[in-house]
Amino acid sequence: MWWCTTCRACEEQCPRGVPIADVMLALRRLAWQDRSVPEGVSPVMWALHWDGNPWRRPPSQRAVWARGVNINRFQRSDEILFYVGCTASYDNRSQRVARALAGIFGTVGVSFGTLGDEEPCCGDAAYALGQHDYMKQIVQRNAERFAEEGVQRVVTVSPHCQDMFLNQYPPIEGFQPLHYTQYLAQLIQEGRLGFEAEFKVKATFHDPCYLGRRNGIYDPPRDVLAAIPGLELVEMPQSRADALCCGGGGGRMWIETKVGERFSDLRVREALDTRAEVLVTACPHCIACLEDSLKQTDSPMRVMDVAEVVVGALSAGRHA
Amino acid sequence: MVESLYPAGDARGIWVYLEHTDGRFEGVSLELLGRGRSLADVTGERLTALLLSGDGSALAEQALGYGADRVLFARHPALSVYTTLPSARVVADLVTQRRPSILLLGATVNGRDLAGRLAVRLRTGLTADCTDLLIDKESGVLSGEVTGFGQGILATIQCPDTRPQMATVRPGVFARPVFDPTRSGPIEGIAVEIPEDDLRVRVIRRSPRRGADITQAERLVIGGRGIQGDFALLRRLARALKADIGATRVAVDQGWIGHDRMVGQTGSVTRPKLALVCGASGAMQFTVGIQESETVVAINSDPEAPIFEVADYCIADDVFQVLPQLIEALDQKAGRKG
């Protein structure tokens with residue numbers, strides 16, 4: 001039951017509609033009561049408790065990702081609350097995604113703010129690892145906090161945070177959690193974000209499970225990529241509802257998976273077969289897993305986030 | 001409520017149950033001797049080490065050096081490798097006869113196994129998995145600090161009425177005491193009789209998990225992708241530094257070294273005094289495994305590598321240039337000393 005990545009690929013195939021991932025999480029919940037969770041799992045909860053993030057990073061360094069970028073503290077009058085999330089706050093790879101997004105918002109002229117080093121963890125690790133009693137406390141505290149701050153539209157870097165806000169949080173008046181790909185697609189539609197110059201690249205898109213299968217968000221990331229002139233999008237044989245999981249969901253980011261048993265190995269092979277130059281995705285966990293698998297090959301393929309592709313396309317315009 | 005086998009007024013002394021394998025104490029047993037010493041000093045009681053063994057008394061001498069006032073030494077072939085029933089029998093009999101006030105055990109697999117059984121036999125309370133121990137000077141009542149997850153609580157548990165007051169303590173909570181070879185004290189041999197009925201488990205073979213435990217290393221030399229599989233070079237450096245070897249996930253994934261040496265989120269979180277990180281970029285999932293090191297030295301050819309943000313000393317150069325010179329310098333220094 002600890003192997004499950006809660007990607008819901010099995011549910012997609014299930015003729016009876018059994019919520020298999022939820023069953024796995026229920027079993028994990030029982031394992032907590034039974035004190036039989038595997039080694040390495042409770043330290044993640046302690047990290048949430050002491051450090052406010054599952055990565056055992058100091059809370060004081062939560063806003064360090066924004067070094068050199070001027071980011072305002074969120075105010076009620078802002079269009080959006082930019083919710084960075086733990087991984088994009090601390091993981092130096094995904095910090096680049098957070099910076100890319102802040103840059104895009106700046107370019108477009110979106111008024112936005114973050115909660116800085118006071119940003120709380122959304123509670124995804126507690127949810128995914130089945131510690132639901134603790135998750136409920138986190139959720140309750142954060143929901144009150146968001147209501148007090150007057151948060152309405154919140155844009156997340158990670159689909160995991162958005163999934164939490166959408167599906168685990170109590171109703172908060174006016175609360176509208178968006179994944180950043182949805183928000184960028186919206187900005188494009190409204191004519192606020194546009195691309196002039198060609199950005200010639202062949203790309204394939206990997207659907208993050210928490211974005212696609214779990215929340216039905218398949219089109220917005222593709223719409224963003226399609227708006228970039230010169231970008232050629234090729235689909236992998238298994239995409240959208242059939243997409244293979246990277247292996248990082250369901251708390252698997254905090255549990256080791258051996259080489260050869262990683263879903264991302266399969267996914268990278270599939271991506272390489274498309275002969276795309278760039279494997280694009282939209283989730284910090286996907287980036288980490290796919291990059292680790294790509295390192296096992298000697299392919300020149302790169303993993304990029306949709307936000308990074310957008311920044312690339314915007315700067316292509318500027319240099320032209 | 002069940003009555004204590006002996007009243008609190010009769011109970012004296014602090015006992016520590018010592019675990020050992022292959023002639024060496026478990027770390028937590030030494031840590032308990034250290035803490036037991038300071039608790040005993042508060043109340044002015046005697047600290048007794050309880051040693052169950054199949055042979056040799058070298059460990060008994062050592063227990064005195066680590067802070068015990070006396071050692072109760074039970075020797076019997078059935079006690080050479082831990083099994084539940086004989087150990088529980090010996091300890092329960094000794095406790096009922098000698099009536100200690102406190103009995104401490106390590107929260108290891110065997111320590112937990114023994115403690116639970118003893119608490120039932122002795123009809124007393126057990127505070128399991130303590131993260132701290134305090135004692136009241138006047139009453140001698142022990143307070144065990146226990147962290148409870150879920151509520152995020154920190155509970156202090158006391159066992160005021162029944163004796164002995166039992167607690168198991170997590171490894172690594174207390175500092176290991178410094179060995180003092182000048183300490184001495186009585187080592188009392190205990191006659192052990194184990195009834196046939198308690199010899200139901202026979203140990204045929206012990207096969208400990210193979211693999212390194214880098215979490216205990218004082219010095220670590222860690223290799224990443226940048227060392228391109230040349231762990232032989234790292235081993236030379238590790239020898240010169242008397243250090244253990246660790247690796248990043250990529251190095252393990254490449255099959256250059258085993259997973260037991262992996263440092264980081266899904267490997268081991270290490271706390272060495274010195275971590276020398278060679279050719280690792282410094283992804284967060286790796287740096288969590290070294291961030292509690294006292295000193296981090298990083299060597300990486302890319303001056304922009306994130307590893308330099310967590311390093312105390314940064315060497316922005318090719319590892320294959322730096323390491324041979326470093327090894328040579330260390331060897332020369334060792335040569336001069338010798």
Side-chain angles (χ1 to χ4, degrees), chain A residues 29 32-33 35 37 39-51 53-58 61 64-65 67 86-96 126 131-138 141 248 252-260 262 265 284-285 288-289 291-293 295-296, chain B residues 107 109 112 116 128-129 131 146-154 170 172 209 215 224-226 228 247-271 280-292 302 304-310:
Chain A
R29 241 171 91 185
W32 280 100
Q33 289 174 13
R35 297 184 176 210
V37 298
E39 207 180 325
V41 167
S42 359
V44 178
M45 294 304 116
W46 285 111
L48 281 184
H49 178 66
W50 293 114
D51 304 325
N53 69 78
W55 298 112
R56 308 193 206 193
R57 300 296 297 162
Q61 287 183 23
V64 164
W65 67 270
R67 234 176 342 198
C86 300
T87 307
S89 291
Y90 293 109
D91 177 350
N92 23 48
R93 174 64 186 88
S94 285
Q95 285 176 346
R96 305 211 304 253
Q131 205 355 306
H132 291 182
D133 292 333
Y134 186 42
M135 177 199 78
K136 280 179 197 144
Q137 291 179 35
I138 298 176
R141 205 167 50 213
R252 295 295 313 178
M253 282 306 289
W254 297 281
I255 306 173
E256 180 62 12
T257 314
K258 273 191 274 180
V259 170
R262 296 180 191 157
D265 294 351
H285 293 346
C289 292
E291 281 194 343
D292 268 8
S293 285
K295 280 179 202 161
Q296 305 298 314
Chain B
V109 174
R112 285 174 176 157
D129 265 19
T131 49
V146 174
T147 38
F149 194 67
Q151 305 301 311
I153 50 164
L154 198 63
R170 283 199 198 165
R209 185 180 64 179
T215 61
R225 187 143 116 128
Q228 295 164 29
T248 66
R249 194 179 197 229
V250 190
V252 174
D253 287 357
Q254 294 287 350
W256 296 338
I257 196 156
H259 177 257
D260 54 332
R261 302 227 173 240
M262 188 172 118
V263 175
Q265 184 69 46
T266 56
S268 298
V269 174
T270 64
R271 294 174 185 80
S281 66
M284 169 200 66
Q285 291 81 353
F286 165 70
T287 57
V288 294
I290 55 159
Q291 66 189 7
E292 286 168 45
D302 174 11
E304 299 294 314
I307 187 68
F308 290 139
E309 290 167 25
V310 295

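Everything quoted here is computed from the prediction, not taken from an experiment. Proteins get letters first, then strands, A, B, ... in listed order; numbering begins at 1 in each.
Proximity to chain A involves both the backbone and the side chain of B:Gln254, based on heavy atoms less than 4.5 angstrom apart. Contacts of B:Glu309 with chain A are made by side-chain atoms alone, with heavy-atom separations under 4.5 Å and no backbone atom involved. Proximity to chain B is limited to the backbone of A:Pro54, based on heavy atoms less than 4.5 angstrom apart. With a threshold of 4.5 angstrom between heavy atoms, A:Arg56 approaches chain B through its backbone and through its side chain. If you measure heavy-atom distances from B:Val269 to chain A, the contacts under 4.5 Å come from the side chain alone.
Taking each heavy atom of A:Asn92 and B:Ala283 in turn, the nearest pair found is OD1-CA, 3.5 Å. In terms of heavy-atom proximity, A:Met253 sits nearest to B:Gln265 at O-CG, 4.3 Å.
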A:Gln95 and B:Met284: CA distance, side-chain angles, deciding distance, side chain to side chain contact (heavy atoms under 4.5 Å, CB included) verdict: CA-CA 11 Å; A:Gln95 285 176 346; B:Met284 169 200 66; over 6 Å; no
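A:Trp254 pairs by the ring-ring contact (aromatic ring centres under 6.0 Å, His included) definition with A:Trp55, A:His285, not counting sequence neighbours.
Between A:Glu256 and B:Met262 there is a side-chain heavy-atom pair separated by less than 4.5 Å.
Between the CZ atom in B:Arg249 and the NZ atom in A:Lys295 there is a gap of 9.0 Å [rounded to 0.5 Å].
A salt bridge links A:Arg262 with B:Asp253; the closest basic N to acidic carboxylate O contact falls under 4.0 Å.
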